[in-house]
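As the structure is a computational prediction, the values presented were derived from the model and not from experiment.
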Amino acid sequence: MAEPFGGLPLWSLLVFLSGYVIVAMEILWVRLLGQVGQYHAYLFPTVLGVFLLADGLGIAVAAKLVRQLPDPRRAFFLTQGAGFVVAAVLIIGLWLVLNLPPLSWFVTVDDWRFEPKPMLVSTLLIVAVVAPPSFLIGMTFPFVQQAVQQDLASVGARVGWVQLANICGNAAGSIVTGLITLHWLGSMGTLRLLAGLSLLLLLGWLWQGHRDRRLELGLAAACALAVVALPSNEAFWRRIHRQAPGTFAAWSEDRSGVTFTGRRRTSPGSTRTASSSWAIARGGCPSLVSICCSA
């Protein structure tokens, strides 16, 4: 049987890696947006719901486009690579603007905000950060099916093998990210690892030597930049918690969550500082360890 776009084992590996990346990103979203949203009871269902709806919408859109593609391979690598790059850009963008007006008027990590407007803003942030990359990576599934389905007699078996590879990748992304990489590398280290994996996927496609690969080269360059230029875990959490450079802060991150203690001004021009420590419990709920004020 002719396989012009590559065999089933190759595509099963690619789908495994794609499934790993998207579920690892979902776990990162829950951790990072959990800090922003203070892990209220609706946060995880909201992240999961937005992810699934956007993923499904991406599948629906790609299903309409796939018949027009002479070669689905390029579409797969473009959407997979773009999905990660967009995810990383949105995370860093949120990190940069979270403590600036107008977001800081409604959402600050260490202030009590379980009220309608702050809850609405945190929900909109979840949609803005999670939906676009989920949509793009969701588009990969029809492209994969178009690539592997070259024999009507084996359609059912091939769908099953591809789906199994995707599930195994999802499981690996969940277990490895949740229990290993977040513990040893932290959030930014995990994001850097995913950037490296996405870069390898794009380089594997570029190695084929096809013409006009400027988009793929741009995405590969963005992934390489993420590997070397993402902030450290300390810098990331200090800014999230509004800690100025040189001020006291103590933090720790492992598989169970993030603990942060720091001091900051409570109002412009005031000499009064506030020290707060947030610990994310193993069950995924936040507990306010300490809030104290001193003159």
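The shortest non-hydrogen separation linking Gln146 to Pro72 is CG-CG, 3.9 Å. The two residues Leu179 and Arg255 come nearest to each other via the heavy atoms O-NE, 3.0 Å. The shortest non-hydrogen separation linking Thr177 to Ala24 is OG1-CB, 3.2 Å. Nearest heavy-atom pair across Leu194 and Leu28 is CD1-CD1, 4.2 Å. Taking all atoms of both residues into account, the shortest heavy-atom contact from Lys64 to Gln68 is O-NE2, 3.7 Å. Between Met139 and Leu65, the shortest heavy-atom contact is CE-CD1, 4.1 Å.
Leu33 has its side chain within reach of Leu94: a pair of non-hydrogen atoms, C-beta onward, lies under 4.5 Å apart. Between Leu206 and Phe77 the shortest side-chain heavy-atom distance does not fall below 4.5 Å. For the pair Ile91 and Trp29, the minimum side-chain heavy-atom distance is below 4.5 Å. Using a 4.5 Å cut-off on side-chain heavy atoms (C-beta onward), Phe236 and Leu230 make no contact. The shortest side-chain heavy-atom distance between Gln80 and Leu17 does not fall under the 4.5 Å cut-off. The shortest side-chain heavy-atom distance between Arg158 and Val155 does not fall under the 4.5 Å cut-off. Side-chain contact between Pro231 and Ile92 is present, with heavy atoms from C-beta onward closer than 4.5 Å. Contact check for Ile27 versus Thr190: no side-chain heavy atoms found under the 4.5 Å cut-off.
Atom CH2 of Trp251 and atom OG1 of Thr261 lie 12.5 Å apart (nearest 0.5 Å). In this structure, Arg213 CZ and Leu219 CG are separated by 12.0 Å, a value rounded to the nearest 0.5 Å. With rounding to the nearest 0.5 angstrom, the OG atom of Ser122 is 14.5 Å from the NZ atom of Lys117. Separation of atoms OH (Tyr42) and CD1 (Ile126) is listed at 13.0 Å; rounding is to 0.5 Å. Here CZ of Phe135 is found 10.5 Å from CD1 of Ile59. Values are rounded to the nearest 0.5 Å. The structure places CD1 of Ile180 at 11.0 Å from CG of Leu193, a figure rounded to the nearest 0.5 Å.
Aromatic ring pairs are classed by plane angle as parallel below 30°, tilted from 30° to 60° and perpendicular above 60°; the pair Phe76 and Trp11 is perpendicular.
Of the possible polar contacts, one joining the Glu253 side chain to the Ser187 backbone as a donor-acceptor pair under 3.5 Å is found. Checking side-chain atoms of Ser232 against main-chain N and O of Ala235 turns up a donor-acceptor pair under 3.5 Å. With hydrogens and angles disregarded, no donor-acceptor distance shorter than 3.5 Å links the side chain of Trp161 to the backbone of Ser12. Between the side chain of Ser174 and the main chain of Asn170, no donor-acceptor pair closer than 3.5 Å is present. A donor-acceptor contact shorter than 3.5 Å is absent between the side chain of Ser18 and the backbone of Leu14. In this structure a side-chain-to-backbone donor-acceptor pair under 3.5 Å is missing from Asp55 to Ile137.
Taken together through direct or relayed side-chain contacts under 4.5 Å among Ile, Leu, Val, Met, Phe, Trp and Tyr, Ile167 and Ile22 form parts of separate hydrophobic clusters. Connection of Val227 to Leu200 is not established within any shared hydrophobic cluster, with ILVMFWY side chains joined at heavy-atom distances below 4.5 Å, either directly or through further cluster members. Grouping the Ile, Leu, Val, Met, Phe, Trp and Tyr side chains by contacts below 4.5 angstrom, directly or via other members, places Leu225 apart from Val89. Val47 and Leu53 are not part of a single hydrophobic cluster, where members link through side-chain heavy atoms under 4.5 Å apart.
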Side chain to side chain contact (heavy atoms under 4.5 Å, CB included) between Met188 and Trp237, worked out: CA-CA 10 Å; Met188 288 299 98; Trp237 293 119; over 6 Å; no
Arg239 vs Leu96, side chain to side chain contact (heavy atoms under 4.5 Å, CB included): CA-CA, chis, key distance, verdict: CA-CA 8 Å; Arg239 184 177 179 89; Leu96 291 173; 4.1 Å; yes
Residues Thr123, Thr46; criterion side chain to side chain contact (heavy atoms under 4.5 Å, CB included); working and verdict: CA-CA 8 Å; Thr123 300; Thr46 303; 4.2 Å; yes
Stepwise side chain to side chain contact (heavy atoms under 4.5 Å, CB included) check, Val228 with Arg192: CA-CA 8 Å; Val228 299; Arg192 189 174 284 107; over 6 Å; no
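Under the 4.5 angstrom side-chain criterion for Ile, Leu, Val, Met, Phe, Trp and Tyr, the cluster partners of Leu124 are Leu120.
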